[in-house]
Amino acid sequence: MDFFRGSSSPLRGSASPVRSRASSVTSHHRTSPEETEEEEMGGETNPNPSRNLFSYYFMLRTGKFLDANIADQTRKFIFRVRNSKDSIEVKSKEVQMFYSYMTKKLTNYSYFESWKAEAVTDVVVGMERFVMVNIFENVFNPDCDQIKNSALDDKIRSLHWILPKHLDFTLPSDNEMTDRQLALAQYYLLELNKKRSPHDKVTCMVLCCKALHDLFNVAHEKAAGADELLPMLIYTLIVAAPPNLHATTQYIERFLPAERLTSGETAYNFTNMCCALQFLESVSPDKLSLSSEEYNHFMEGHSSHLEEALSNKFVGGLLDNIARVKGCEEKVRQLHSYQDKLRDNTEQLKVDVRKHKEEVLQSIEEMRSKFSGIEEEMAKLLIS
């Protein structure tokens, strides 16, 4: 199957491996999903294929640049999806077909013959991430999802008063490890909305569930089954209240390679996430450990139970942990900013030193010229 016509032509401006690798290191630090289309795709204004993140990732893994034909096909497919007016279902089908086509092409690539399967998979995942980061704005939360997405977000926020006892599970409130693990699970949920590729989003879900599994092990000294994991996951979703959960699950279902949602750890944890969201969509008093009167009382916004929850030592500890995590994130961002400024100042210092050196050398040459003239005059006087 060939998705493109004329895709065999190499990318314009292919550079030598040495020169391209040097430029790719610079582009790796500067390229982001928010940059212009030309920068992301290595387009007309910047034809060097090393600016293609997929080619750069491939180069890191293999020590050589990605075949120009493969990179060109990937780029053309992205442009095609970006400009397509097709429905989200059609786009999903096309992306899945492209995954299959490109996975086969990459795995049959001659350079991979001596590679282990896991290493080849890393490059395939790199291709998938590159494609989805670049079409994210065109396929995430389409019109058909927006109403249900907003409704679910509102519903979860309205359930802020729910405590573990309403979901028939308990956690020790005086265990620092318990607080830390639950805060970590919430952190991964909050990271969901920051990620752009289905692979990265579903990885956040897996890490969230893993943190809850570890939490259950600490609290009960045994492994958590689906029946034990689900109420903890529901409670964590309520406390964290990450936005766009419906849109995120639809995005993963449509654009994560289908085989990854059929078996394995990813499929298991994604299924648990979907079950938790279905519970929250249809939650009612009979699904919780409280009466209809209490349910209606809290859903109407009465604050007594909310105050009880906020004054609870366990929940307070969780909020403190989340604040610490966010504080660490801010410190990391400040450190990166400092490193950028230091790099810029270092470059400027190099320029200033080089300029000063040139000025000193020029002054020395001028002085030599003057002294040379004086020496000649003195020599003439002595001779005369």
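Scope of the values below: all heavy atoms of this structure, side chains included, with no hydrogens, waters or symmetry mates. Since the structure is predicted, the reported quantities are computational estimates derived from the model, not experimental observations.
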Do [X] and [Y] touch side chain to side chain, with heavy atoms closer than 4.5 Å?
{"X": "Asn134", "Y": "Phe77", "answer": "no"}
{"X": "Lys155", "Y": "Leu280", "answer": "no"}
{"X": "Glu265", "Y": "Asn269", "answer": "yes"}
{"X": "Leu159", "Y": "Met299", "answer": "yes"}
{"X": "Asp145", "Y": "Pro142", "answer": "yes"}
{"X": "Lys210", "Y": "Tyr188", "answer": "no"}
{"X": "Glu128", "Y": "Met132", "answer": "no"}
{"X": "Lys148", "Y": "Gln250", "answer": "no"}

Quick test of your reading of the model: are [X] and [Y] salt-bridged, counting only N-O distances below 4.0 Å?
{"X": "Glu137", "Y": "Arg82", "result": "no"}
{"X": "Glu330", "Y": "Arg333", "result": "yes"}
{"X": "Arg157", "Y": "Asp154", "result": "yes"}
{"X": "Lys341", "Y": "Asp344", "result": "no"}
{"X": "Asp86", "Y": "Lys93", "result": "no"}

| message | I'd like to know if the side chain of Ser282 pairs up with that of Lys287 as donor and acceptor (distance under 3.5 Å, no hydrogens or angles considered). | response | yes

| message | Please evaluate residues Leu212 and Gln181 with respect to the criterion side-chain contact (heavy atoms from CB on, under 4.5 Å), reporting the C-alpha separation (whole Å), side-chain torsions for both, the decisive distance (0.1 Å), and the verdict. | response | CA-CA 7 Å; Leu212 294 178; Gln181 288 301 114; over 6 Å; no

Would you confirm whether [X], through its side chain, and [Y], through its main-chain N or O, come within 3.5 Å as a donor-acceptor pair?
{"X": "Thr236", "Y": "Met232", "value": "yes"}
{"X": "Thr103", "Y": "Ser100", "value": "no"}
{"X": "Gln96", "Y": "Ala258", "value": "yes"}
{"X": "Asn272", "Y": "Leu230", "value": "no"}
{"X": "Thr203", "Y": "His199", "value": "yes"}
{"X": "Ser197", "Y": "Arg129", "value": "no"}

| Hey, any chance Leu184 and Val206 share a hydrophobic cluster, counting ILVMFWY side chains that come within less than 4.5 Å of each other, even indirectly? | no

| said: Are Leu190 and Leu215 connected into the same hydrophobic cluster when the rule is that any two of I, L, V, M, F, W, Y join if their side-chain heavy atoms are below 4.5 Å apart? | reply: no

Might you point out which heavy atoms bring [X] and [Y] nearest each other, and give the distance in Å?
{"X": "Thr249", "Y": "Phe270", "result": "O-CZ, 3.7 Å"}
{"X": "Pro198", "Y": "Tyr251", "result": "CD-OH, 3.5 Å"}
{"X": "Val283", "Y": "Tyr295", "result": "O-OH, 3.5 Å"}
{"X": "Leu237", "Y": "Ile156", "result": "O-CG2, 3.7 Å"}
{"X": "Ile238", "Y": "His160", "result": "CG2-CA, 4.0 Å"}
{"X": "Leu245", "Y": "Leu192", "result": "CD2-CD1, 4.0 Å"}

| said: Can you confirm whether Ile147 is buried at CD1, in the sense that more than 12 heavy atoms of other residues, nucleotides or ligands lie under 6.0 Å from that atom? | reply: no

| request: Mark yes when over 12 heavy atoms from residues, nucleotides or ligands other than Glu281 sit less than 6.0 Å from its CD; otherwise mark no. | output: yes

| said: Evaluate Val90 against Glu94 for side-chain contact (heavy atoms from CB on, under 4.5 Å), listing each step before the verdict. | reply: CA-CA 6 Å; Val90 172; Glu94 288 183 347; 4.0 Å; yes

| NZ or CZ of Lys201 within 45° of Phe140 ring axis and under 6.0 Å | yes

For the atom pair [atom1] ([X]) and [atom2] ([Y]), what is the distance rounded to the nearest 0.5 Å?
{"X": "Leu277", "Y": "His246", "atom1": "CG", "atom2": "NE2", "answer": "9.5 Å"}
{"X": "Phe279", "Y": "Ile234", "atom1": "CZ", "atom2": "CD1", "answer": "4.5 Å"}
{"X": "Gln339", "Y": "Thr346", "atom1": "CD", "atom2": "OG1", "answer": "11.0 Å"}
{"X": "Gln186", "Y": "Leu189", "atom1": "CD", "atom2": "CG", "answer": "7.5 Å"}
{"X": "Thr248", "Y": "Asn149", "atom1": "OG1", "atom2": "CG", "answer": "7.0 Å"}
{"X": "Glu359", "Y": "Lys355", "atom1": "CD", "atom2": "NZ", "answer": "5.5 Å"}

| message | Tell me whether the rings of His166 and Phe298 are parallel (<30°), tilted (30 to 60°) or perpendicular (>60°). | response | tilted

| What residues, two or more places apart in sequence or in another chain, satisfy side chain to side chain donor-acceptor pair (under 3.5 Å) together with Glu191? | Lys194

| request: Carefully, step by step, assess Tyr99 and Glu259 under the rule side-chain contact (heavy atoms from CB on, under 4.5 Å). | output: CA-CA 11 Å; Tyr99 284 162; Glu259 62 273 11; over 6 Å; no

| message | Show, in sequence, the C-alpha distance, side-chain angles and deciding distance for Lys105 and Met102, and conclude whether the side-chain contact (heavy atoms from CB on, under 4.5 Å) test is met. | response | CA-CA 5 Å; Lys105 197 174 185 69; Met102 195 58 71; 4.1 Å; yes

| task | Please test Asp72 against Arg75 for salt bridge (Lys or Arg N to Asp or Glu O under 4.0 Å), starting from the C-alpha separation and ending with a verdict. | result | CA-CA 5 Å; Asp72 198 33; Arg75 203 168 53 170; 3.3 Å; yes

